[in-house]
> 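One structure follows; several queries about it will come next.
Quick note: residue numbers are just sequence positions, from 1. Counting convention: from 1, in listed order, for ligands and their atoms alike. Worth knowing before you read on, the calculation uses all heavy atoms, side chains too, and leaves out hydrogens, waters and symmetry mates.
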Amino acid sequence: MNEIVRVRFAPSNTGHLHVGGARTALFNWFFARHHGGTAILRVEDTDRERSTEAYYDAILEAFDWLGLEWDEGPYRQTERMDIYTEAAKKLLASGDAYRCTCTPDDVEEMRKKARAEGKSPKYDGTCRGRYDKDPDRPFCLRLLTPDEGETVVADLLTGEVSFPNEQLDDMVIVRTDGTPTYNFCVAVDDADMKITHVIRGNDHLSNTPKQLLVYKALGEPPPRFAHISMILGTDKKRLSKRHGATSVLEYRRAGFLPEALINYLVRLGWSLGDQEVFTRDEIIENFSIENLNRSAAVFNPEKLLWLNQEYIKTGDAGRLLALLEDRLHERGLDTALLSREARLALVEELRTRAQTIEEMADGARIFFTPEVEYDEKAVAKFLKPGIAAPLIKVRDALAGVEPFAAQGVKTAFEEVLEAEGLKMGKLAQPVRVAVTGGTVSPGIYETLCLLGKDRSLSRLDAALGKIGD
Ligand code: GLU
């Protein structure tokens with residue numbers, strides 16, 4: 001591509017950034033990076049009733065978490081009103097827009113009449129060519145739209161889609177209260193920002209002919225469009241809250257890694273052979289609109305979990321630990337109970353089975369509570385009076401292990417097993433319940449080593465006290 005690529009992602013701050021929007025943003029962002037172009041963030045915040053500052057902040061926070069940096073923006077449409085006013089004036093002066101003094105009731109009548117005549121309901125053009133005839137009446141501005149011919153969207157993905165002009169309204173571009181309308185702002189912005197490619201959801205396809213007419217009136221070349229398919233839930237219905245978490249920040253809360261979510265979302269609609277796991281650089285290098293799937297993609301939470309697990313398995317241990325510690329602190333746990341070395345070793349233990357950082361925090365909890373939190377069912381099952389004697393022996397053997405490392409702990413265990421004529425399975429689980437309170441933890445030697453000698457012994461003592469109760 002010889003031209004300089006300029007793309008934008010244009011969320012409305014009427015809700016959180018959801019996975020569908022994030023995927024659209026990613027396609028734009030990777031397309032720009034692939035071509036060494038510019039990626040712009042433009043927040044469409046003109047819906048005064050539904051837009052909020054909290055959503056605006058949350059959208060930026062979601063991008064911050066994903067690590068997507070925009071080359072320009074965030075622009076906000078509410079801060080660009082002068083630009084829309086200028087554009088409207090220009091169209092009024094050129095005759096491409098006209099003042100319309102019809103009331104909403106008048107327009108409703110026209111629509112009814114058209115419907116009754118079997119025509120598409122639209123404004124009938126009453127005020128065309130009668131500019132300034134009623135200078136005192138309130139007016140809106142309408143775009144003069146040809147009655148004949150067609151407006152063609154040459155979509156990079158779906159091919160040419162034709163819209164007969166006869167069905168298109170002389171759309172309002174500035175309302176009676178002076179505010180510009182949605183499709184007008186979008187087209188004026190895209191023209192002003194010299195956007196070369198608009199990649200967006202195909203739910204916007206019906207807006208595109210309207211925006212093309214604005215470009216034409218402005219005398220600006222339109223961008224190229226790629227309308228991407230929607231994301232569906234496993235029931236093949238459009239993805240919505242019914243299907244579970246949809247907002248990007250919910251995935252952060254649930255313990256997903258941003259690179260896993262990015263990988264999953266990009267792969268959901270874009271492919272490069274059978275490859276499933278991509279680095280950011282690999283996506284940048286290979287991304288192209290041509291490789292976007294034309295059919296709708298199905299959001300599969302299981303596959304996202306699998307991918308997240310892949311990233312957890314291979315991620316930098318120091319970073320995973322920092323993420324884990326944040327969660328443990330949120331739970332009010334004192335991570336200083338383990339040395340950094342032990343905490344890093346714990347990450348290595350947990351990362352082999354956890355699918356999310358939240359699951360890692362669940363697994364790590366037992367190491368950071370000041371006292372053991374007993375699962376009474378496990379206690380009843382495994383800490384029966386008959387186990388007291390072997391547990392005392394384990395306790396004493398462990399007390400003599402120096403340094404307190406896996407090999408020595410293992411030897412101590414084996415000695416007790418032999419002396420007591422017990423099988424490992426009979427002893428490991430009671431010890432586990434004694435030192436962790438429950439039946440799930442890393443290997444028993446590793447668990448003891450991570451806890452350290454002092455805490456292992458005092459937890460065994462506490463459990464022995466419990467058996468004696
Ligand atoms: N603001 C629109 C939305 O959030 C996007 C408009 C566009 O990409 O042209 O759906």
Side-chain angles (χ1 to χ4, degrees), residues 5-32 38-60 62-63 68 70 72-81 83-84 87 151 153-158 161 163 171 173 179-215 218 220 222-231 238-241 246-249 265 269 289 292:
V5 164
R6 288 176 63 84
V7 294
R8 75 338 183 251
F9 176 62
S12 304
N13 56 333
T14 51
H16 279 287
L17 180 68
H18 56 87
V19 287
R23 186 184 65 148
T24 302
L26 287 164
F27 288 163
N28 277 286
W29 192 89
F30 280 112
F31 181 70
T38 301
I40 298 167
L41 180 62
R42 179 176 82 221
V43 180
E44 305 199 325
D45 59 352
T46 51
D47 182 338
R48 278 163 220 254
E49 258 146 50
R50 291 169 57 234
S51 306
T52 71
E53 283 309 293
Y55 283 135
Y56 176 82
D57 292 342
I59 290 169
L60 297 193
F63 282 125
L68 284 201
W70 299 94
E72 286 181 29
Y75 295 112
R76 298 183 69 152
Q77 286 190 324
T78 46
E79 289 169 1
R80 297 172 53 81
M81 288 298 160
I83 294 169
Y84 313 130
T151 298
V153 180
D155 191 89
L156 292 170
L157 281 174
T158 46
V161 189
F163 296 83
M171 72 160 172
I173 57 169
T179 57
T181 57
Y182 172 74
N183 279 308
F184 182 60
C185 295
V186 171
V188 169
D189 274 342
D190 286 342
D192 182 67
M193 294 176 184
K194 304 270 176 262
I195 298 301
T196 56
H197 296 77
V198 169
I199 305 172
R200 63 183 170 202
N202 62 13
D203 51 335
H204 283 284
L205 185 60
S206 59
N207 286 327
T208 309
K210 299 174 192 169
Q211 294 171 12
L212 282 171
L213 289 170
V214 176
Y215 273 100
L218 290 170
E220 296 279 353
R224 257 157 291 171
F225 291 92
H227 289 92
I228 56 178
S229 60
M230 294 283 105
I231 302 182
R238 196 172 159 178
L239 189 71
S240 73
K241 284 204 176 21
T246 53
S247 101
V248 167
L249 291 179
L265 290 177
I289 290 184
L292 288 175

> Looking only at protein heavy atoms, which one is nearest to atom 10 (O) of ligand 1, and how far off is it?
H204 NE2, 2.9 Å
> Please verify whether a non-hydrogen atom of Y182 lies at under 4.0 Å from ligand 1.
yes
> So is R200 polar-close to ligand 1, meaning N/O to N/O under 3.5 Å?
yes
> Could you check whether any side-chain heavy atom of Y182 comes within less than 4.5 Å of a side-chain heavy atom of E44, counting everything from C-beta outward?
yes
> Apply salt bridge (charged side-chain N to carboxylate O under 4.0 Å, His left out) to the pair R238 and D203, showing each step before the final yes or no.
CA-CA 11 Å; R238 196 172 159 178; D203 51 335; 3.5 Å; yes
> Who's closest to atom 5 (C) of ligand 1 heavy-atom-wise, of G201, A10, A25?
A10
> Pick one: which of T208, N28, I228 meets side chain to side chain contact (heavy atoms under 4.5 Å, CB included) with R200?
T208
> Does a side-chain heavy-atom distance below 4.5 Å link I199 with F9?
no
> Taking the minimum heavy-atom distance to atom 7 (C) of ligand 1, which of H18, E44, Q77, R8 ranks first?
R8
> For residues D45 and N13, is any side-chain donor paired with an opposing acceptor at under 3.5 Å?
no
